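Have a look at the structure below before the remarks.
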Amino acid sequence: MIRHYPRRVTLAPNLTPIASLVGTWTGTGSGEYPTIDPFDYTETITFEDIGKPFLAYQQRTRSPEGVPMHTETGFLRLPAEGVAEFTIAQPTGHTELCAGVLEIVDGVIELRMSGVVAGTATAKSVEATERRYRLDGDNLRTDFAMAAVGVPMTHHLTSELGRA
Ligand code: HEM
């Protein structure tokens with residue numbers, strides 16, 4: 001006998017505060033760091049509900065000419081009320097373990113996290129990161145800073161995204 005199990009259509013209860021983050025976001029960003037030339041990019045981010053108490057995350061970026069740039073993938077976790085954790089893998093040989101807070105003020109959702117980074121033997125040195133995701137209505141802003149290649153914590157990326 002074949003049993004058909006119903007596919008869950010409701011979000012895991014712990015994810016309810018960030019339900020509006022689920023989906024695909026696209027827009028533009030710009031980057032800088034004291035050791036490199038400033039650059040612009042386009043970005044697509046997806047936070048996907050896969051029926052578990054975390055969201056699956058994927059990010060892809062391209063140059064304004066359409067050439068693929070940085071990409072990363074991971075999982076956004078809300079292990080306790082107001083607590084946010086993000087585990088991220090990067091093709092540059094880095095893994096990032098971020099921990100911080102989820103704050104919602106006047107409907108504006110803000111995730112603020114600090115990350116510790118491990119790198120492979122050939123990866124550039126990245127000691128620590130800071131990430132912020134701010135969702136205000138249909139506008140998602142991301143900010144990223146890092147302590148890397150001997151430079152203390154400094155801004156690297158900002159992007160402004162809307163619903164795809
Ligand atoms: C350098 C773009 C995310 C770490 C660079 C460079 C570009 C760039 C164009 C300069 C060229 C190069 O060295 O390849 C981006 C884009 C990102 C992104 C578009 C995502 C939107 C990240 C993340 C990390 C990171 C998440 C670390 C966790 C670095 C490092 C350098 C670098 C360590 C080298 C700096 C140096 O050698 O002086 N990035 N990046 N980047 N990026 Fe990013």
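Each ligand, and each atom within it, is numbered from 1 in the order the structure gives. This is a predicted model, so every value here is computed, not measured.
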message: Side chain, backbone, both or neither: which applies to H94 and ligand 1 if a contact is any heavy-atom pair less than 4.0 Å apart?
response: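 Neither; nothing of H94 gets under 4.0 Å from ligand 1.
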Looking only at atom types and distance, does a side-chain atom of [X] sit under 3.5 Å from a main-chain N or O of [Y], one as donor and one as acceptor?
X	Y	value
Y57	F86	no
N14	P53	yes
T87	L97	no
H155	D143	no
T142	T158	no
T26	A164	no

In terms of atom number and element, which parts of ligand 1 are under 4.0 angstrom from non-hydrogen atoms of [X]?
X	result
M69	9 (C), 19 (C)
T35	35 (C), 36 (C), 38 (O)
T61	19 (C), 21 (C)
R131	26 (C)
Q90	26 (C), 28 (C)
Q59	20 (C), 21 (C)

query: Is there an N/O/S atom in H70 at a distance below 2.8 Å from atom 43 (Fe) of ligand 1?
result: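 Checking H70: none of its N, O or S atoms is under 2.8 Å.
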- prompt: Is the shortest distance from a heavy atom of V117 to ligand 1 less than 4.0 Å?
  reply: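 The answer is no, since V117 has no heavy atom less than 4.0 Å from ligand 1.
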query: Among the heavy atoms of E32, does any lie under 4.0 Å from an atom of ligand 1?
result: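 It does not, in that no heavy atom of E32 comes within the 4.0 Å cut-off of ligand 1.
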Protein heavy atom at shortest distance from [atom]:
atom	value
atom 27 (C) of ligand 1	F144 CZ, 3.8 Å
atom 7 (C) of ligand 1	F39 CE2, 3.7 Å
atom 41 (N) of ligand 1	H156 NE2, 3.1 Å
atom 11 (C) of ligand 1	I36 CG2, 4.7 Å
atom 33 (C) of ligand 1	V126 CG2, 3.7 Å
atom 31 (C) of ligand 1	M146 CE, 4.1 Å

field: CZ (R132) with more than 12 external heavy atoms under 6.0 Å
entry: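 Enclosed: over 12 neighbouring heavy atoms sit under 6.0 Å from CZ of R132.
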- prompt: Who gets closest to atom 37 (O) of ligand 1 by heavy atom: K124, E72, E96?
  reply: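 Among K124, E72, E96, the closest heavy atom to atom 37 (O) of ligand 1 comes from K124.
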task: Quick one: closest heavy-atom pair of D138 and W25, and the distance?
output: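 Minimum heavy-atom separation between D138 and W25: O-CZ3, 3.7 Å.
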